[in-house]
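All remarks here apply to the structure that follows.
FYI, the numbering just counts along the sequence from 1.
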Amino acid sequence: MLFKKLLFLTGDARKFDPTFKGPIHNRGCTDVLCCILFVVAIIGYFAVGILAWSQGDPRKVIYPTDSTGQFCGQAGTPLEKKPFLFYFNILKCASPLVLLEFQCPTTQLCVESCPTKYTTLMKASKNKGDLDYYARFSGHWNWSVPQILRDGLCPSVLVSSKPCKSTMYLLIMSQITGTSFSNCFLVVPNRKSNMVVEARQVAMKIFEDYTVSWYWILIGLVIAMVVSLIFIILLRYLAGIMIWVMIIMVILVIGYGIFHCAMEYRSLSGEPGADVTIRDLGLQTDFSVYLQIRQTWLAFIIILSIVEVIIILLLIFLRKRILIAIALIKEASRAVGHVMSSLFYPLLTFALLALVIAYWAITAVFLSTSNTQVYKVFNSSECEYSRDTCDPKTFNTTNVTAQCPDAECLFAFYGGETRYHQYLIVLQFYNVFLFFWCANFVTALGQVTLAGAFASYYWAFKKPDDIPASPVFSSLGRALRYHTGSLAFGSLILSLVQVIRVLLEYLDQKLKAAQNGCAKFLLSCLKCCFWCLEKFIKFLNRNAYIMVAIYGKSFCTSAKDAFFLLMRNIVRVAVLDKVTDFLLFLGKLLIVGIVGIFSFFFFSGRIKAVEQAAPSLNYYWVPILTVVVGSYLIAHGFFSVYAMCVDTLFLCFLEDLERNDGSTERPYFMSQNLLVILKKSNEDAKTVE
């Protein structure tokens, strides 16, 4: 009681304000400094994007690159009809030099097609037909064969090979050398190559299934949307039944567990070795051994009995709060029904998030491809110029070739030594940080918009007559006009924590090979702490945005008011949170189950009435999985609105209890059902209903 009074005093409990009738319309701008900072950061983000787009070249990701840095297969270039990259000596790519210098130490040439037959340079020099064929993979025939081989102007031998696009080796090579997935490699018939072919065939069949079933998939997603809406409407009538059925099932399951353990304990009576204690048995790797002694089942009985007693006692002492939670959930269904436009607001949030993700991804690609071509000296023998930077245009005129006859000036990697390239990692970090900040801002904007709309519903004394027109758009306008700074402030705090978590994950990946147990333990503790901190900040931000939507105060003030308001009602918060989580989980499971089962029977052709309408598929699980995943996302979108509605109404309910007393001057705004549960009433005849 003393703790609750202390919270009441420190939390600045609400004093009666006769002019308060819900979300305040006469409000001013909040957290202006953070708003300015956010706008400047966005302008800087656009500047980074423009700079990256002017310097970057996505072709480096799409096309393979030859030894001179030219792109193979690029439209509008002399190499347009040469999409494949041919390695003169692929065996040199197995050298550790590949991992150290990020380049395969052999000449690479763009070609129209890969070699299809075996021949040698010496043999081709004596046969006109072979010579013309060999010319496709080189163009230097002015010197003798020894001179050509000495200077590495063409391969010494051609071996039948084919374009390789899926093997793990090629994936590693493409990451190392900066080339794409169109390269010529030796044909080696083995299990891996067969798996590649099979994987490609499976991918083609999956694509065919999508082409013939896409409209049925859309129908399934529409059905999921309708079922989600129906479930939210039914929660108004079935919420209480579903919750009590859940509680009874939990009690019965635990009771059955106690009964089963008691029967096992009794069946082991008199069995040899059953009276051995767990302490005498010690630690055993085969845990089934413990099930052969009576003490284990006795421990199970005691633990389950304690859990059963705790649940029953909680039901006895918290039954009133459970009833309040059920009434609020029912009220949330009514609120969503009166503010139907709120169900479509997640589409705007999704579109804005897609825009943020697309901008981040495109900027990241341009930043990562904004390096210039760097050439280095490669050689087989010892050379003082080995791995030095060189210029292929002037390389033959330098004294490097004189001192190192086998040296070559080859394209090594993309990099640079300008100031832009020196700060490239900083720009990448800025891109990641602004991505988190913008994504969290969009989420915060959705939360404060929905909170303002549902708060307008709760504080309407006569529902639905007193509900303002277009509450969602009115709330969105207020949020953007007055509280951009507050939303930016809250999302900035969350983004800082998320960036720290990303850095910790990066360090964890780097330290995986380390043997320092202390460092690993410390890193694990930090990851756990920041994960908890992120969850807490999300919870606090969510409730702070609700208070911002209602009172129009700054973020810190709203967060403080929301925190102390919740702390003064901590038990109600815990009960409502768990009850709501259960209903949302049950709803998602039910919707996904219904739509998934229906799609299974339809696409597998087990419904005789529509068997002819079902498309002919290679894999009927392809559209089924697509519908199931899509149904979950749709249900999550609907229930995110519902969860925000419950949280908003809950804070309004707590504010209502502290502000009003049911008198004519200070009537309660809560529903009649809540008044009955709390054994309260308004003095006049008017009610919320």
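Y545 and F555 have tilted rings, their planes meeting at an angle from 30° to 60° on a 0 to 90° scale. In this structure, F639 and Y642 have perpendicular ring planes: the angle between them is above 60°, well past the 30° mark.
Looking only at side-chain heavy atoms (C-beta outward), L566 and F650 come within less than 4.5 Å of each other. Side-chain contact between Y457 and T648 is absent, with no heavy-atom pair separated by less than 4.5 Å. Residues L492 and W437 meet the side-chain proximity criterion, which asks for heavy atoms closer than 4.5 Å. A 4.5 Å side-chain heavy-atom check between L504 and D508 finds every atom pair outside the cut-off. By the 4.5 Å heavy-atom criterion applied to side chains, K553 and D561 are counted as neighbours. The side-chain heavy atoms of Q498 and I537, taken from C-beta on, include no pair separated by under 4.5 Å. In this structure, T30 and F489 have side chains that are not in contact, with every pair of non-hydrogen atoms separated by 4.5 Å or more. With contacts defined as side-chain heavy-atom distances shorter than 4.5 Å, the pair W360/Y45 qualifies.
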message: side chain to side chain contact (heavy atoms under 4.5 Å, CB included) for V356 and F441? Distances and angles first, verdict last.
response: CA-CA 10 Å; V356 170; F441 179 85; over 6 Å; no
- prompt: Do S486 and D31 pass the side chain to side chain donor-acceptor pair (under 3.5 Å) test, and can you show the C-alpha distance, the side-chain angles, and the key distance before you say yes or no?
  reply: CA-CA 5 Å; S486 297; D31 298 304; 2.6 Å; yes
message: Please determine whether side chain to side chain contact (heavy atoms under 4.5 Å, CB included) holds for the pair F429 and V499, giving the CA-CA distance in whole Å, both sets of side-chain angles, and the decisive distance to 0.1 Å.
response: CA-CA 9 Å; F429 178 81; V499 168; 3.6 Å; yes
task: For F436 and V497, run side chain to side chain contact (heavy atoms under 4.5 Å, CB included): C-alpha distance rounded to whole Å, both residues' side-chain angles, the deciding distance at 0.1 Å, then the answer.
output: CA-CA 10 Å; F436 281 115; V497 176; over 6 Å; no
query: Between C652 and I550, does a side chain to side chain contact (heavy atoms under 4.5 Å, CB included) hold up when you go through it step by step?
result: CA-CA 9 Å; C652 293; I550 298 175; 3.7 Å; yes
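Distance check, rounded to the nearest 0.5 Å: NZ of K538 to CZ of R542 gives 11.0 Å. One finds the NZ atom of K588 at 10.5 Å from the OG atom of S228 (value rounded to the nearest 0.5 Å). With values rounded to the nearest 0.5 angstrom, S599 atom OG is found 12.5 Å from I219 atom CD1. Between the CD1 atom of I597 and the CD1 atom of I624 there is a distance of 11.0 Å, given to the nearest 0.5 Å. In this structure, the separation between CG on L494 and OG1 on T443 is 8.5 Å, given to the nearest 0.5 Å.
Between R27 and G552 the shortest heavy-atom distance is NH1-CA, 3.4 Å. When every heavy atom of S558 is checked against every heavy atom of A544, the shortest pair comes out as CB-O, 3.5 Å. Residues L353 and A439 come closest through the heavy atom pair CD2-O, 3.7 Å. The shortest non-hydrogen separation linking L427 to L367 is O-CD1, 3.9 Å. Heavy atoms only, all atoms of each residue included: S491 and N541 are closest at N-ND2, 4.5 Å. Across all their heavy atoms, G637 and P346 have their closest contact at O-CG, 3.7 Å.
Counted by atom type alone, D647 and Q447 present zero donor-acceptor pairs between their side chains at under 3.5 Å. Under the 3.5 Å distance criterion, with hydrogens and angles disregarded, no donor-acceptor pair is assigned to the side chains of E331 and Y458.
Counting heavy-atom neighbours within 6.0 Å of F530 CZ, excluding the residue itself, gives a total of 12 or less. Dense packing is recorded around CG of L347, with more than 12 heavy atoms of other residues, nucleotides or ligands lying under 6.0 Å away.
Annotation: Y359 is in aromatic contact with F46 [ring centroid separation under 6.0 Å].
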